[in-house]
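The chain is numbered in sequence order, starting from 1. These numbers come from the heavy atoms of this one structure, side chains and all, not from hydrogens, waters or symmetry mates.
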Amino acid sequence: MEKKEKYELLLQQVESLVDGEKNEVGVLANVTAAIAETMQFFWVGFYLVKNGELTLGPFQGPVACYHIGYGKGVCGAAWKQESTLVVPDVEEFPGHIACSSLSRSEIVVPLFNRSHEVVGVLDIDSKELATFDETDKVFLERLCAIVAKSLYC
């Protein structure tokens, strides 16, 4: 199955998982599990904005950083820029925070509330260089919009 087809099925699954559900931890946990199972990425998780920083939320994969500052690393930069960041080689990203030395490429997608404020980010890491492309960006932004609409709008 091609990547686009996997994402189309994943979006359907996520829509079903979040429909009418307001349990933030449960929704984010199930969504990370669905992404990880479907796409087989190295690390999939959410960081949530709390007390002026990103704090670790539900995730799938090896242990991770607990706190990320505003504008720090790929996650903090995506929060500050309020836009998705695709990083083909994390070693070339200024200020990259290495929670795992095995991470080689990364995509981070912001979650927005109804006021268009960033309330968190979806962070996905790969052990391979240049894993993420425009297809990942488009579908993961759609996925985050579904999650945000369910929980924050």
When you measure from the side chain of [X] to the backbone N and O of [Y], does any donor-acceptor pair fall under 3.5 Å?
X: Glu2; Y: Lys4; value: no
X: Lys22; Y: Ser150; value: yes
X: Thr32; Y: Ala29; value: yes

Original post:
Can you list the residues that meet the ring-ring contact (aromatic ring centres under 6.0 Å, His included) rule with Phe42, with sequence neighbours excluded?
Top reply: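 With neighbours one apart ignored, the set is empty.
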Subject >> Any residue meeting ring-ring contact (aromatic ring centres under 6.0 Å, His included) with Tyr70, in chain and number order, not counting sequence neighbours >> reply: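 Counting only residues at least two positions away or on another chain, Tyr70 forms a ring-ring contact (aromatic ring centres under 6.0 Å, His included) with Trp79.
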**OP:** Give the minimum heavy-atom separation between Cys75 and Glu106, together with the two atoms involved.
**Re:**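 Minimum heavy-atom separation between Cys75 and Glu106: SG-OE2, 4.1 Å.
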Got [X] and [Y] here, is their nearest side-chain heavy-atom distance under 4.5 Å?
X: Leu9; Y: Met1; result: yes
X: Leu54; Y: Val49; result: yes
X: Glu91; Y: Arg104; result: yes

With sequence neighbours excluded, what pairs up with [X] under the side chain to side chain donor-acceptor pair (under 3.5 Å) test?
X: Glu24; answer: Tyr152
X: Asp89; answer: none
X: Glu141; answer: Thr84, Lys137
X: Gln81; answer: none

Original post:
Other hydrophobic cluster members with Val63, side-chain heavy atoms of Ile/Leu/Val/Met/Phe/Trp/Tyr under 4.5 Å, chained?
Top reply: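 ILVMFWY cluster around Val63 holds nothing else.
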Subject >> Passing candidate, side-chain contact (heavy atoms from CB on, under 4.5 Å) with Leu122, options Val147, Leu28, Leu140, Leu111 >> reply: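 Exactly one candidate clears the test, Leu140.
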Spell out, yes or no, whether [X] and [Y] are grouped together once hydrophobic residues are joined by side-chain heavy atoms under 4.5 Å, including indirect joins.
X: Val44; Y: Leu10; result: yes
X: Leu102; Y: Val74; result: yes
X: Phe46; Y: Ile107; result: yes
X: Met39; Y: Phe59; result: no

Subject >> Contact list for residues 109-153, test disulfide bond (SG atoms under 2.5 Å apart), sequence neighbours left out >> reply: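 Sorted pair list comes back empty.
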Using 0.5 Å steps for rounding, measure from the [atom1] atom of [X] to the [atom2] atom of [Y].
X: Asn30; Y: Leu17; atom1: CG; atom2: CG; result: 5.0 Å
X: Gln13; Y: Ile146; atom1: CD; atom2: CD1; result: 11.5 Å
X: Phe139; Y: Lys6; atom1: CZ; atom2: NZ; result: 13.0 Å

Original post:
Leu151 and Val18: side-chain contact (heavy atoms from CB on, under 4.5 Å), yes or no, with the steps?
Top reply: CA-CA 8 Å; Leu151 292 177; Val18 306; over 6 Å; no
Original post:
How would you list all residue pairs meeting ring-ring contact (aromatic ring centres under 6.0 Å, His included) that involve residues 16-35, not counting sequence neighbours?
Top reply: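 Every candidate ring-ring contact (aromatic ring centres under 6.0 Å, His included) pair involving residues 16-35 fails, so no pair, neighbours aside, qualifies.
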Original post:
Can you name the residues that form a disulfide (SG to SG under 2.5 Å) with Cys65, not counting sequence neighbours?
Top reply: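 Cys65 satisfies disulfide (SG to SG under 2.5 Å) with Cys99 only.
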Subject >> Qualifying side chain to side chain donor-acceptor pair (under 3.5 Å) pairs with a residue from residues 45-64, counting only residues at least two apart or across chains >> reply: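 Qualifying pairs, neighbours excluded: Glu53-His67.
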**OP:** Using the side chain to side chain donor-acceptor pair (under 3.5 Å) rule, collect all pairs that involve residues 118-136, keeping only residues at least two apart or in two chains.
**Re:**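 Output for this query lists Lys3-Asp133, Lys3-Asp136, Tyr7-Asp136, Ser103-Asp125, Ser105-Thr131, Ser126-Thr131.
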**OP:** Decide yes or no on side-chain contact (heavy atoms from CB on, under 4.5 Å) for Leu143 and Leu11, but give the supporting numbers first.
**Re:** CA-CA 6 Å; Leu143 182 146; Leu11 289 181; 3.6 Å; yes
